[in-house]
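One structure is given below, encoded as structure tokens.
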Amino acid sequence: MNKNNSPYTAAITGCAVLYYEFKRILPLLLSADSELLLKDEIENNSILQINSRKARRTFVLEFKRRFASVPIHFWQSWQGWSEEGQRAGLFYAILKTYKLVFDFHFNVAIKRWNSAQRQLEKSDIMMEFNEIAAHDEFVDSWSDNTKDRCASQYLTILRQTGLLTDKTNELQSIHPDQSELEYYIRSGEEWFLEACLLYPYEINDIKSKLL
């Protein structure tokens with residue numbers, strides 16, 4: 001399987017959540033002159049305040065992919081949410097953008113959360129990587145360093161979203177406001193509430209308040 005027909009990409013290695021940077025760039029992404037404004041930002045660095053042009057170009061590319069992975073009305077709602085809700089929303093966009101992150105989360109983190117063992121280590125992610133690589137030649141061709149960086153970046157994304165503790169690597173649920181979670185239910189994306197590590201009774205409680 002080559003790169004063109006594999007659903008996976010290692011692009012997350014260059015860009016974690018970057019909450020504050022994305023928030024500053026979002027008005028440009030929403031603009032009718034988006035392409036022009038983003039090119040100007042890569043060259044002039046007036047908003048991102050990141051010294052490396054190469055890093056700015058990488059971040060803008062990944063921001064564009066994440067922005068495009070969900071409907072524009074999502075981002076319009078996102079602007080009015082709490083920081084916790086916005087960080088969760090960015091994680092939602094990341095899950096929609098990168099199948100690798102989605103598979104790590106649902107095949108490893110959520111299974112671990114539902115077990116008695118709540119700690120999540122890089123070795124757990126690497127086991128899933130081996131499973132993916134066994135069925136995908138393109139992923140199998142990645143270097144050990146690339147795989148290691150992808151696994152590390154996924155754990156960083158969890159920490160920046162609030163789903164993983166810094167010191168003990170323990171999974172924990174996040175609880176954006178009820179009104180923010182309602183978006184996902186109304187949009188037919190209820191699976192994301194499970195991705196926030198909410199318990200079934202919590203999800204049912206949120207749904208019952210929408211009736």
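Computation of the quantities below employed the complete heavy-atom set of this structure, encompassing side-chain atoms and omitting hydrogens, waters and symmetry-equivalent molecules.
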Practice prompt. Answer yes when Lys209 and Glu182 have at least one side-chain N-carboxylate O distance shorter than 4.0 Å, and no when they do not.
Written response: no

Worksheet item: Taking the six-membered ring for Trp, are Tyr183 and His73 parallel (under 30°), tilted (30 to 60°) or perpendicular (over 60°)?
Response: tilted

Practice prompt. Measure across Glu128 and Asn107 and return the closest heavy-atom pair with its distance rounded to 0.1 Å.
Written response: OE2-ND2, 2.9 Å

Worksheet entry | Thr165 side chain near Arg159 side chain, heavy-atom distance below 4.5 Å | no

Item to complete: May I ask you to decide if the ring planes of Phe91 and Phe192 are parallel, tilted or perpendicular, using 30° and 60° as cut-offs?
Response: tilted

Item to complete: Name the orientation class of the two ring planes belonging to Tyr92 and Phe74 (parallel below 30°, tilted from 30 to 60°, perpendicular beyond 60°).
Response: tilted

Worksheet entry | Phe67/Trp78 under ring-ring contact (aromatic ring centres under 6.0 Å, His included): CA gap, chis, key distance, verdict | CA-CA 11 Å; Phe67 178 79; Trp78 184 92; over 10 Å; no

Practice prompt. Indicate yes or no: at least one non-hydrogen side-chain atom of Glu62 is less than 4.5 angstrom from one of Leu18.
Written response: no

Worksheet item: Any side-chain donor-acceptor pair under 3.5 Å between Glu190 and Tyr184?
Response: no

Practice prompt. Please name the pair of heavy atoms, one in Ile47 and one in Arg24, separated by the smallest distance, quoted to 0.1 Å.
Written response: O-NE, 2.9 Å

Discussion item. In terms of relative ring orientation, are Tyr201 and Tyr199 parallel, tilted or perpendicular, with 30° and 60° separating the classes?
Written reply: parallel

Response to the item:
All heavy atoms of Ala195 vs all of Ile110, minimum pair found to be CA-CD1, 3.9 Å

Worksheet entry | Sidechain N-carboxylate O distance under 4.0 Å for Arg87, Glu83 | yes

Worksheet entry | Residues Glu43 and Arg56 bridged, charged N to O under 4.0 Å | no

